[in-house]
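This is a predicted model, so every value here is computed, not measured. Ligands are counted one by one from 1 in listed order, and the atoms in each one are counted from 1 as well.
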Amino acid sequence: VFPPPCDSQIYCSGPILHHVQEAKLFDDDKYFVDMKLKAVPDVVLSAFHNLSNETPNATVLPAELQEFLSVYFEKPGTEFESWTPPDWQDKPKFLGGIADQKLRDWAEKIHHLWKSLGRKIHVGVKDHPELYSQIYTPHPVVVPGGRFRELYYWDSYWVINGLLLSEMTDTAHGMIENFVYLVNRHGFIPNGGRIYYERRSQPPFLTLMVESYYQATKDKSFLRGVLPALEKEYRFWMTNRSVAVTVNGEEYVLNRYYVPVGLPRPESYTDDLELAEGLADDRKEQLWMDLKAGAESGWDFTSRWYIDSDGRNNGTLKETQTSQILPTDLNALLCLNEKTLASFHRILGDDSAAAYDQAAARRLGAMESVLWDAERGAWFDYNLVTHSRHHEFYPSNLAPLWAQCYSQAEMGEKAVQYLKGSGALQFPNGVPTSLKESGQQWDYPNAWPPLQHMLISGLSKLPSEDAKDLAFDLAQRWIKTNWLAYMKYDAMFEKYDVNGDGKPGGGGEYEVQLGFGWTNGVALQLLDQYGATLTSGNRRLSPGLLLPLVISAILMLQ
Ligand SMILES: OC[C@H]1O[C@H](O[C@H]2O[C@H](CO)[C@@H](O)[C@H](O)[C@H]2O)[C@H](O)[C@@H](O)[C@@H]1O
């Protein structure tokens with residue numbers, strides 16, 4: 001009953017996809033669905049039909065499949081022209097604010113990486129979209145790197161923040177224009193720049209990208225031009241990804257990730273097929289939908305989305321039920337979108353700000369009634385099956401601090417105490433994604449750049465020195481991890497391990513990737529924000545953390 005991931009009978013459904021992926025001709029299922037066609041789809045489909053009709057039981061041997069692919073497909077990557085961002089220039093100003101010479105030299109190297117991650121889509125993709133899985137966008141993009149050859153939605157927020165520090169305003173402008181183009185074409189922004197991603201999104205960061213750009217340029221006419229697309233995207237999330245939930249007799253509306261699309265993810269086809277083996281057809285479809293919703297959350301995959309048969313936040317990947325969870329971070333992000341949209345209307349001097357102010361106030365009330373736990377002092381995901389909160393630690397439990405979506409100052413301070421008592425601060429290299437080692441990449445021991453950034457930024461906005469010191473301490477840990485790994489491997493990674501000295505992360509369904517868009521963006525932001533005090537050597541203990549240590553040492557001596 002549910003539509004396939006896209007309408008292409010080559011890239012998203014049908015016998016070619018099935019046979020090629022099942023034959024495991026490539027190490028990564030994403031490889032095949034990124035290949036360009038050498039002939040129009042009808043010709044390729046009928047050639048495959050003839051080939052499989054000639055063989056008993058329609059089985060095509062791997063050697064025949066290889067031959068078929070070499071006749072009808074090109075290697076991935078041919079859809080790009082070589083492109084160096086024309087606005088890239090040596091020595092952007094922010095470098096001057098980094099006191100530690102080694103970190104300053106390293107920041108300069110990161111700034112150089114934008115040149116290798118820039119891509120311009122070949123005009124052929126615009127003229128003959130039927131030959132490509134690549135989605136055409138009019139302006140060049142900065143990609144994450146490695147197997148992620150195309151643009152990604154939420155990654156681009158941290159990429160754009162980094163580009164703005166690198167004074168690459170035109171490249172940032174073009175990337176935002178691409179997203180506006182995608183909203184106008186699809187009604188929302190796809191997960192990434194491939195047709196197999198076109199029926200699911202990722203965390204909605206476009207409004208915040210525009211906010212970053214506006215803060216850097218103060219360009220009101222740009223703001224006026226893009227605002228209708230931002231509102232269109234907001235309506236998409238409120239129409240297609242919202243749920244009404246009743247708590248203590250009151251009804252609240254909050255958002256979730258939800259992807260009513262069938263079949264396995266084409267880019268991870270055999271993983272999804274194997275995971276669903278043995279399930280009844282309707283359970284299979286449900287699992288595939290929830291895996292896609294997991295991809296839409298950006299956390300693919302994690303024990304955070306597991307709900308076992310007793311309704312507990314427990315189980316295995318097969319028990320992923322993303323759509324049955326109201327996530328704290330998605331709702332904090334939408335609250336921040338609402339506040340930012342209101343502020344845009346105020347800047348432009350029109351009279352539409354009030355509607356967004358009211359939406360933000362409604363959401364804040366809902367988050368405090370449904371997600372906030374006053375006893376524990378944090379916000380927790382809400383389970384729609386059991387109508388209760390999940391109490392595991394995830395950095396997302398503090399996302400409302402980052403979004404500044406809470407009503408009383410004391411909630412912020414309670415959340416700091418929650419974090420300190422959570423056990424998540426005991427690791428030298430950053431805050432883990434959870435405290436569970438599930439083997440999935442969005443779990444312990446991995447730490448991810450966007451989560452470090454949101455946590456550090458949330459803590460740094462709190463009024464207390466204690467919270468600010470903790471923010472600095474976490475920034476120092478993260479920078480040191482990134483820097484040590486760079487010294488060892490000469491590379492920036494998509495994620496890191498919270499243990500060891502500069503260790504890349506692992507787990508999940510693909511090898512850890514290098515590049516890496518959001519890692520570079522977050523490192524540059526932290527180096528800019530804390531450049532005067534960060535060091536490449538031993539961690540400088542901030543006064544707020546030093547004092548408790550001194551007191552406990554004195555007590556021990558007594
Ligand atoms: O191919 C598997 C999945 O890969 C992507 O997810 C991961 O990389 C993205 C790019 O850095 C990142 O946005 C996401 O948070 C990562 O988990 C892709 O976005 C998924 O849709 C895809 O299934």
Problem set entry | Side-chain touch His390/Ile307, heavy atoms, less than 4.5 angstrom |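 Yes - at least one pair of side-chain heavy atoms lies under 4.5 Å apart.
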Would you say the rings of [Y] and [X] are close, in the sense that their centroids are separated by under 6.0 Å?
X	Y	result
Tyr132	His122	no
Phe68	Phe48	yes
Phe205	Phe179	no
Phe148	Tyr510	yes

Problem set entry | Contact list for residues 142-152, test salt bridge (Lys or Arg N to Asp or Glu O under 4.0 Å), sequence neighbours left out | Asp28-Arg147, Lys30-Glu150, Asp34-Arg149, Glu150-Arg194
Exercise. Got the residues with a heavy atom under 4.0 Å of ligand 1, by chain and number?
Worked result: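 Near ligand 1, by chain and number: Arg147, Phe148, Tyr152, Trp154, Asp155, Asn191, Tyr197, Arg200, Gln202, Arg265, Glu267, Ser268, Ala295, Gly298, Asp300, Gln441, Trp442, Glu509, Tyr510, Phe516, Trp518.
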